[in-house]
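Note sheet for the following structure.
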Amino acid sequence: MDLPPYIQSLERCPTVPGEAALGAACRDVAARLEEGALPCLAIAGRDDDLPALEARAAGIAADADDVILAGTGGSSLGARALAALAPPRPAGPRLHVLDNVDPDTWERVTGGLVPERTHLLAISKSGETLETVALSLLAADRLGAGRATAIAGKRGALRDAFEARGLPVLDHDPAIDGRYSVLSPTGLLPALIAGLDARAVRRGAAAALDDFRAKGPESPPARGAAMAVGLDRGRGRHIQVMMAYADRLVPFARWFVQLWAESLGKRGRGSMPVAASGTADQHSQLQFWIAGPPHCWVTVLGVETRGLGPAPDGEGVPGHLAGRTLGDVMFAEREATVRSLAEAGVPVRTFALEAPDERALGALFAHFMLETIVAGRLLDVDPFGQPAVEDGKRRAAAMLGAMAR
Ligand code: PA5
């Protein structure tokens with residue numbers, strides 16, 4: 001299978017703690033893949049579960065103009081990243097993601113919806129996340145019988161409440177953490193409802209995975225992990241900016257931020273991920289990256305935009321803009337920024353996507369999951385679980401229980 005040409009350049013960087021450690025980390029990750037201990041990635045090679053998922057998505061889409069996805073963190077960021085790819089279409093439901101319990105947002109999103117034409121998709125692995133449980137139960141009651149589906153773990157308040165109401169619950173694989181779950185139904189069911197090709201997402205991910213198996217420490221995710229850890233530990237570059245030069249890819253950058261931060265921010269280690277949007281953040285954050293403390297490095301996600309969109313012409317158009325399309329401007333801005341960064345000594349790598357489609361995004365998902373897992377091995381932290389977050393969840397539940405009614 002051909003690897004999508006998703007990487008244009010990846011500079012080599014001295015690795016910390018060294019090539020031998022990188023080789024050992026890759027062997028360890030490959031062995032875990034072989035043992036079936038990384039189901040978040042192994043699922044890329046499956047398609048036996050997809051017919052049932054496609055049928056369910058078609059049933060929901062046929063019966064709804066709007067779909068509310070209630071889920072937070074890893075239970076919605078992957079779906080958001082995928083859904084952002086969907087082109088505008090004349091028919092088919094609009095997807096609204098509720099990942100926050102702001103009562104104002106609740107009113108704004110649900111206020112205008114027609115209950116008989118809206119479906120709720122409630123996603124929570126633990127089934128206990130307060131925000132998701134509260135939003136889901138409110139929405140389920142507002143929408144009425146049969147208009148909700150959950151994806152949840154085997155136990156928990158969400159499953160109990162859905163089962164008590166006779167609503168369907170799909171199983172969330174207990175071995176897959178939320179932020180690693182985008183290739184499972186949590187990412188793919190919303191993507192299918194949005195009209196995307198889930199099989200292509202998995203195929204893209206499988207290709208990146210095959211490449212990692214074949215090349216090990218020379219594969220792009222391994223080099224990327226070594227670069228990220230090397231820049232952080234060896235050169236004081238503690239902040240990794242993920243800058244998407246396509247609005248459709250900004251939600252992907254946000255997915256990456258959670259993956260990297262929640263997986264590696266442990267035992268006083270890890271580096272700080274920041275999501276950015278090109279070109280807008282050139283006029284917001286770029287000054288700091290180039291001339292602030294030398295703590296940043298930048299990953300650019302770019303798509304081919306040259307020649308796309310309209311070109312200004314007529315009276316008063318400056319000479320360098322005449323006949324240039326919006327896509328030409330985007331391309332020039334991206335290239336100029338990469339050159340400015342490089343010239344200022346800010347490390348920068350570019351992922352060039354020929355087309356930001358399902359297959360390319362699937363490859364990027366697998367790439368960054370692998371990069372994160374290998375980095376975890378290099379940093380000697382467990383990239384799974386999020387104990388610091390769980391503590392806050394427990395405290396919030398206890399506070400609510402103790403509040404006067
Ligand atoms: O990546 C993770 O596991 C977390 O971000 C969770 O997705 C998030 O905390 C929501 O948890 P749950 O899916 O249990 O509601």
Side-chain angles (χ1 to χ4, degrees), residues 4-13 15 77 81 84 179 208 212 219-265 270-282 284-286 288-290 292 294-305 330-331 333-354 356 360-376 378-379:
Y6 65 94
I7 292 193
Q8 186 184 59
S9 64
L10 190 64
E11 80 178 40
R12 279 182 91 93
C13 181
T15 61
L77 285 164
R179 61 190 175 280
F212 172 76
S219 67
R223 302 312 313 169
M227 181 192 297
V229 172
L231 288 170
D232 168 28
R233 313 273 286 187
R235 301 220 192 136
R237 299 274 173 182
H238 309 304
I239 302 171
Q240 178 181 180
V241 178
M242 176 68 69
M243 189 174 201
Y245 272 86
D247 290 342
R248 279 165 294 174
L249 295 178
V250 174
F252 177 86
R254 294 198 62 219
W255 170 85
F256 165 76
V257 163
Q258 188 220 359
L259 177 73
W260 192 263
E262 212 170 58
S263 300
L264 302 178
S271 52
M272 169 85 182
V274 173
S277 149
T279 62
D281 279 310
Q282 290 171 210
S284 166
Q285 304 185 49
L286 181 64
F288 178 85
W289 304 336
I290 289 184
H295 294 165
C296 300
W297 71 285
V298 180
T299 298
V300 168
L301 298 178
V303 302
E304 181 53 85
T305 56
M330 179 71 117
F331 172 78
E333 293 282 352
R334 165 157 70 90
E335 277 305 299
T337 301
V338 167
R339 286 176 202 187
S340 294
L341 288 164
E343 217 149 280
V346 180
V348 54
R349 66 173 166 172
T350 300
F351 287 67
L353 278 65
E354 269 181 358
L361 214 62
L364 282 180
F365 283 130
H367 172 102
F368 281 105
M369 285 195 259
L370 283 165
E371 192 168 302
T372 303
I373 295 167
V374 173
L378 292 174
L379 290 167

Query raised in the report: So, for P251 and A81, which heavy atoms are closest and what is the spacing to 0.1 Å?
Result: CB-CA, 3.7 Å
Query raised in the report: Got a second to check how far H367's NE2 is from F212's CZ, nearest 0.5 Å?
Result: 11.0 Å
Report summary line: The ring-ring contact (aromatic ring centres under 6.0 Å, His included) partners of Y245 (sequence neighbours excluded) come to none
**Report entry** Flag side-chain contact, heavy atom, 4.5 Å: T279 against M330
**Finding:** yes
Requested in this report: Return the minimal non-hydrogen interatomic distance between W260 and A375, and the atom names on each side.
Outcome: CH2-CB, 3.7 Å
Report task. Under the side chain to side chain contact (heavy atoms under 4.5 Å, CB included) rule, what do L231 and Q240 come out as? Steps first, then yes or no, please. Result -> CA-CA 9 Å; L231 288 170; Q240 178 181 180; over 6 Å; no
Query raised in the report: Mind checking whether F368 and F351 have ring centres under 6.0 Å apart?
Result: yes
Requested in this report: Give the minimum heavy-atom separation between V257 and A275, together with the two atoms involved.
Outcome: CG2-N, 3.5 Å
**Report entry** Check: W297 and M227 side chains under 4.5 Å, non-hydrogen atoms
**Finding:** yes
Report summary line: Hits for side-chain contact (heavy atoms from CB on, under 4.5 Å) against A276, two or more places apart or cross-chain, chain-then-number order -> V241, M243, D281, Q285, W289
Query - Distance in Å, E304 CD paired with F331 CZ, rounded so as to fall on 0.5 Å steps - result: 6.5 Å
Query raised in the report: In Å and rounded to the nearest 0.5 Å, what is the CD to CD distance from Q282 to E333?
Result: 5.0 Å
Query - Chi angles and distances behind the side chain to side chain contact (heavy atoms under 4.5 Å, CB included) call for T305, R334 - result: CA-CA 10 Å; T305 56; R334 165 157 70 90; 5.5 Å; no
Requested in this report: Give the intermediate values and the outcome of side chain to side chain contact (heavy atoms under 4.5 Å, CB included) for residues L341 and L286.
Outcome: CA-CA 9 Å; L341 288 164; L286 181 64; 3.9 Å; yes
Requested in this report: Kindly give the heavy-atom pair with the smallest separation between V300 and V348, and that separation in Å.
Outcome: CG2-CG2, 4.0 Å
**Report entry** Intermediate values then yes/no, side chain to side chain contact (heavy atoms under 4.5 Å, CB included), S277 and D247
**Finding:** CA-CA 7 Å; S277 149; D247 290 342; 4.3 Å; yes
Query raised in the report: Judged by atom type as modelled, is there a donor-acceptor pair below 3.5 Å linking the side chain of R237 to the main-chain atoms of D232?
Result: no
Report summary line: Taking every heavy atom of A253 against every heavy atom of M242, the minimum-distance pair comes out as CB-CG, 3.6 Å
Query raised in the report: Which value, rounded to the nearest 0.5 Å, describes the distance between L249 atom CG and L301 atom CG?
Result: 6.0 Å
Query raised in the report: Nearest 0.5 Å, what's the OG-CE distance between S263 and M369?
Result: 10.5 Å
**Report entry** Inter-residue atom distance H238.NE2 - C296.SG, 0.5 Å rounding
**Finding:** 10.5 Å
